[in-house]
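On a predicted model such as this, the values are computed, not experimentally measured, just so you know. Index from 1, following the sequence.
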Amino acid sequence: MLSHISATTLTRTASSSVSLFSLSFLFSLSSSSFLRRRNRLHSPPATSCFPPLACASRARLSSSMDAADKDSTMTSTTIESVTDGLRNQSLDSDGDGVRVKKQLEDLNWDHSFVRELPGDPRIDIIPRQVLHACYSRVSPSVEVENPQLVAWSESVAELLDLDPKEFERPDFPLFLSGASPLVGGLPYAQCYGGHQFGMWAGQLGDGRAITLGEILNSKSERWELQLKGAGKTPYSRFADGLAVLRSSIREFLCSEAMHFLGIPTTRALSLVMTGKYVTRDMFYDGNPKEEPGAIVCRVAQSFLRFGSYQIHAARGKEDLDIVRTLADYTIRHHFPHIENMSKSESLSFSIGEEEHSVVDLTSNKYAGVYVRNLCLYVVKQGCGGLISINDACVLFMVSKCSVCLRIAWSVEVAERTASLVARWQGVGFTHGVLNTDNMSVLGLTIDYGPFGFLDAFDPSYTPNTTDLPGRRYCFANQPDIGLWNIAQFTSTLSSAQLINDKEANYAMERYGNKFMDEYQAIMTRKLGLPKYNKPLISKLLNNMAVDKVDYTRFFRSLSNVKTDESISDDALLKPLKAVLLDIGKERREAWTSWVKSYIEELSSSGVSDEQRKAEMDSVNPKYILRNYLCQSAIDAAELGDFEEVRRLLKVMERPYDEQPDMEKYARLPPAWAYRPGVCMLSCSS
């Protein structure tokens with residue numbers, strides 16, 4: 001069922017090598033084996049294992065009232081005076097409700113993170129351990145010399161109500177490089193830790209990213225603006241706090257490309273070249289060189305990561321209250337549906353006859369399920385279980401009723417993460433560095449380093465040279481790693497006594513179920529099938545791996561297959577001719593056999609070839625941000641020509657459209673694309 005999961009266990013450490021899994025296992029892994037492996041992630045006593053909800057014997061609804069204290073304390077009179085004034089600004093729109101486009105000076109700032117969370121009392125940027133604080137106040141310190149605007153995103157400007165004419169301002173590069181402060185901003189760097197390659201790394205933090213503040217747009221949406229490469233912070237350790245044009249172009253383009261692919265991601269407003277040079281040893285091989293410096297203005301509703309909570313839990317009892325404070329802040333601002341659920345309704349259920357086996361899922365907002373709407377359904381199932389309807393979760397326990405529920409925080413984080421990883425697998429995206437400090441608590445793709453999209457289908461593909469020995473973060477391992485990271489996140493909440501072992505295990509169970517549901521649905525749509533067909537999909541992926549078929553081009557070409565069962569064997573593979581390259585007689589027979597099975601399955605759907613093609617093309621992109629395309633844009637930009645970056649952005653904004661004039665961007669990678677530094681990258685940026 002999970003055709004992209006490796007045979008290695010998630011409990012491996014960074015020192016353990018990841019064995020290359022057999023394809024037969026890779027493509028036949030069942031949901032039950034996935035869940036068994038999931039249960040090994042946490043290590044609570046065996047008696048506290050959380051059984052599947054399908055085994056629940058009875059449910060009960062009970063009334064409960066739960067008061068929530070939403071009072072927050074200002075961290076300083078300076079912050080109070082700034083934020084009070086900013087909160088009084090109006091979220092402008094004209095009388096018809098149309099957004100009023102703003103200048104940079106008119107943006108509606110709000111600084112909830114700084115206002116409501118404990119901060120570092122020191123204001124210097126000396127590298128150090130920052131204790132008992134979620135952030136450090138720090139201003140951008142990058143040096144610039146005639147900074148230039150390389151590229152920008154008008155769709156992100158629209159999120160912020162920013163007038164696109166602002167990009168034409170001669171001083172725009174000064175503001176978005178951090179050289180000139182934005183009126184109303186209150187910059188800081190976030191404190192967090194994380195597991196890197198399976199090992200706890202301690203304090204990490206924003207070593208070169210500085211958040212300018214939060215913008216509230218006319219829809220009351222909160223957007224955080226962050227400059228990556230803006231200078232040193234207390235978290236920079238021995239680094240310079242800067243970024244180079246090469247990595248900045250990649251992050252800018254991929255942030256936007258992923259959004260237009262329909263995958264949750266941080267966004268990018270602008271890319272500015274500083275006019276200064278930065279020294280980087282790209283491959284850590286003792287050959288550093290000077291590269292143009294650059295800064296990306298990243299935009300997200302929040303840049304909170306799993307590691308934002310881990311660091312405080314790791315520091316012991318004195319900082320555990322910060323975990324709770326930060327969790328409450330996150331729920332209040334980024335999961336308001338949980339905060340706003342009616343406290344007068346709750347649900348609990350029994351998993352056994354003993355009194356201690358009753359689990360109350362709604363008394364705990366960090367773990368349980370909140371009743372959003374109480375709806376009655378008549379269902380035939382009597383044993384109980386969980387099913388998903390859109391973004392809600394329906395829990396049915398007895399044969400005569402069910403309850404529409406909104407899963408609460410830890411479970412929702414797990415499900416958002418599972419959904420994100422499933423979407424990565426669907427488009428062939430490999431993140432490359434799935435450390436817990438690179439995992440967004442909002443379920444966003446975050447921190448674009450040595451990422452890569454699959455060219456030839458290879459489940460063991462990793463774009464990260466640092467990851468080559470063990471391939472921990474290779475394409476096939478991403479679902480496992482997502483679950484491993486969720487285990488670390490729920491362990492953090494458990495250590496702060498926000499959830500218990502049963503609730504932590506339940507969150508991980510939901511990750512497994514959500515991933516399988518989403519992945520199956522994605523693959524079904526990619527093939528245009530009437531229903532999920534595991535043997536057919538498993539055989540397809542096996543064939544693709546054997547013949548190293550280009551992942552993106554194959555699925556795009558597959559929509560050209562007709563359901564005419566009278567087509568001769570010689571003509572069956574004609575629609576796939578451009579992607580089945582250099583295959584011999586034996587492999588041709590294997591593909592012919594698969595296409596016959598595929599056509600037979602399609603014929604049962606009753607959908608016309610034209611309709612199916614339109615539906616498949618809407619989920620199988622023609623254009624993806626291949627590494628060689630990035631490299632071409634980088635090479636031109638380093639010579640002062642930014643047009644290729646801008647043109648590539650426009651292509652990636654319409655990945656599912658044909659765009660006849662842009663066919664060259666859909667071509668297979670040229671031979672030079674496989675040289676070091678193009679398809680294989682290190683973390684140096």
Side-chain angles (χ1 to χ4, degrees), residues 10-11 14 38 41-42 134 190-207 209 224 226 228 235 251 254-255 258 263-267 298 300-314 323 326-327 330-331 334-335 366 409-425 429-451 462 464 467 472-475 477-495 499 504 507-508 510-512 514-515 518 683:
L10 295 179
T11 52
R38 177 266 305 162
L41 283 170
H42 259 326
C134 295
Q190 189 187 151
C191 179
Y192 52 82
H195 283 84
Q196 297 192 326
F197 292 90
M199 303 296 290
W200 176 245
Q203 178 181 291
L204 298 168
D206 286 334
E224 185 175 324
Q226 185 181 87
K228 185 172 182 178
Y235 312 102
E251 173 137 16
C254 202
S255 298
M258 292 289 273
I263 297 173
T265 178
T266 58
R267 303 292 302 277
R298 308 197 296 185
Q301 291 180 311
S302 174
F303 286 93
L304 283 166
R305 306 121 186 285
F306 291 4
S308 303
Y309 308 84
Q310 286 183 288
I311 185 63
H312 305 298
V323 180
L326 186 56
T330 307
I331 292 170
H334 303 295
F335 297 80
Y366 308 106
W409 188 50
S410 65
V411 178
E412 187 163 343
V413 171
E415 290 203 348
R416 286 192 187 193
T417 303
S419 177
L420 176 68
V421 176
R423 295 185 191 192
W424 289 349
Q425 304 303 103
F429 175 80
T430 308
H431 184 282
V433 198
L434 284 180
N435 300 326
T436 57
D437 58 296
N438 294 336
M439 298 292 292
S440 163
V441 76
L442 301 186
L444 307 175
T445 313
I446 191 172
D447 289 340
Y448 292 93
F451 66 83
T462 177
N464 187 355
D467 192 35
R472 175 184 175 87
Y473 296 144
C474 72
F475 177 73
N477 284 357
Q478 289 184 135
D480 280 1
I481 294 299
L483 182 54
W484 193 91
N485 289 340
I486 287 294
Q488 311 317 308
F489 178 69
T490 55
S491 176
T492 294
L493 301 185
S494 295
S495 67
I499 62 175
M508 289 189 292
R510 289 306 306 158
Y511 175 97
K514 182 68 171 180
F515 176 84
E518 292 254 344
C683 295

Name all residues meeting the side-chain contact (heavy atoms from CB on, under 4.5 Å) criterion together with [X]; count only those two or more places apart in sequence or in a different chain, and write none if there are none.
X: A422; result: F515, E518, Y519, I522
X: A314; result: W200
X: S302; result: E224, L304, H334, L442
X: A507; result: S410, V411, A414, T490

Check side-chain hydrogen bond (donor to acceptor under 3.5 Å, both in side chains) between [X] and all other residues, then give those that pass, not counting sequence neighbours.
X: D437; value: none
X: T265; value: Y448
X: N485; value: none
X: T492; value: none

**Request:** Check the pair I446, M439 against side-chain contact (heavy atoms from CB on, under 4.5 Å), reporting the backbone distance first and the verdict last.
**Result:** CA-CA 7 Å; I446 191 172; M439 298 292 292; 5.9 Å; no
Distance (rounded to the nearest 0.5 Å) between [X] [atom1] and [Y] [atom2]:
X: S495; Y: Q310; atom1: OG; atom2: CD; answer: 9.5 Å
X: Y192; Y: L204; atom1: OH; atom2: CG; answer: 7.0 Å
X: S419; Y: K514; atom1: OG; atom2: NZ; answer: 5.5 Å

**Heavy-atom check, side chain of T430 versus side chain of W424, under 4.5 Å** = no
**Request:** Please test T266 against Q226 for side-chain contact (heavy atoms from CB on, under 4.5 Å), starting from the C-alpha separation and ending with a verdict.
**Result:** CA-CA 10 Å; T266 58; Q226 185 181 87; over 6 Å; no
**Prompt:** How far apart are the C-alpha atoms of S440 and R416, what are their side-chain angles, what is the distance that settles it, and do they pass the side-chain contact (heavy atoms from CB on, under 4.5 Å) test?
**Reply:** CA-CA 10 Å; S440 163; R416 286 192 187 193; over 6 Å; no
**Item:** By salt bridge (charged side-chain N to carboxylate O under 4.0 Å, His left out) - contacts of R298 (at least two apart)
**Value:**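 Scan of R298 (salt bridge (charged side-chain N to carboxylate O under 4.0 Å, His left out), adjacent residues dropped) gives E251, D447.
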**Message:** Run the salt bridge (charged side-chain N to carboxylate O under 4.0 Å, His left out) test against R267 and tell me which residues pass, sequence neighbours left out.
**Reply:** E256
**Side chain Q478, main chain H431, donor-acceptor under 3.5 Å** =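 Yes: the side chain of Q478 pairs with the backbone of H431.
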**Prompt:** Counting only N and O atoms by type, is there a donor-acceptor contact under 3.5 Å from the side chain of S491 to the main-chain atoms of A487?
**Reply:** no
**Request:** Show your working on side-chain contact (heavy atoms from CB on, under 4.5 Å) between F335 and T330 and close with a plain yes or no.
**Result:** CA-CA 7 Å; F335 297 80; T330 307; 3.8 Å; yes
**Request:** Please list, chain by chain and in numerical order, all residues satisfying ring pair (Phe, Tyr, Trp, His ring centres under 6.0 Å) with F303, sequence neighbours excluded.
**Result:** none
**Prompt:** Can you name the ring pair (Phe, Tyr, Trp, His ring centres under 6.0 Å) partners of Y309, sequence neighbours left out?
**Reply:** W409, F489
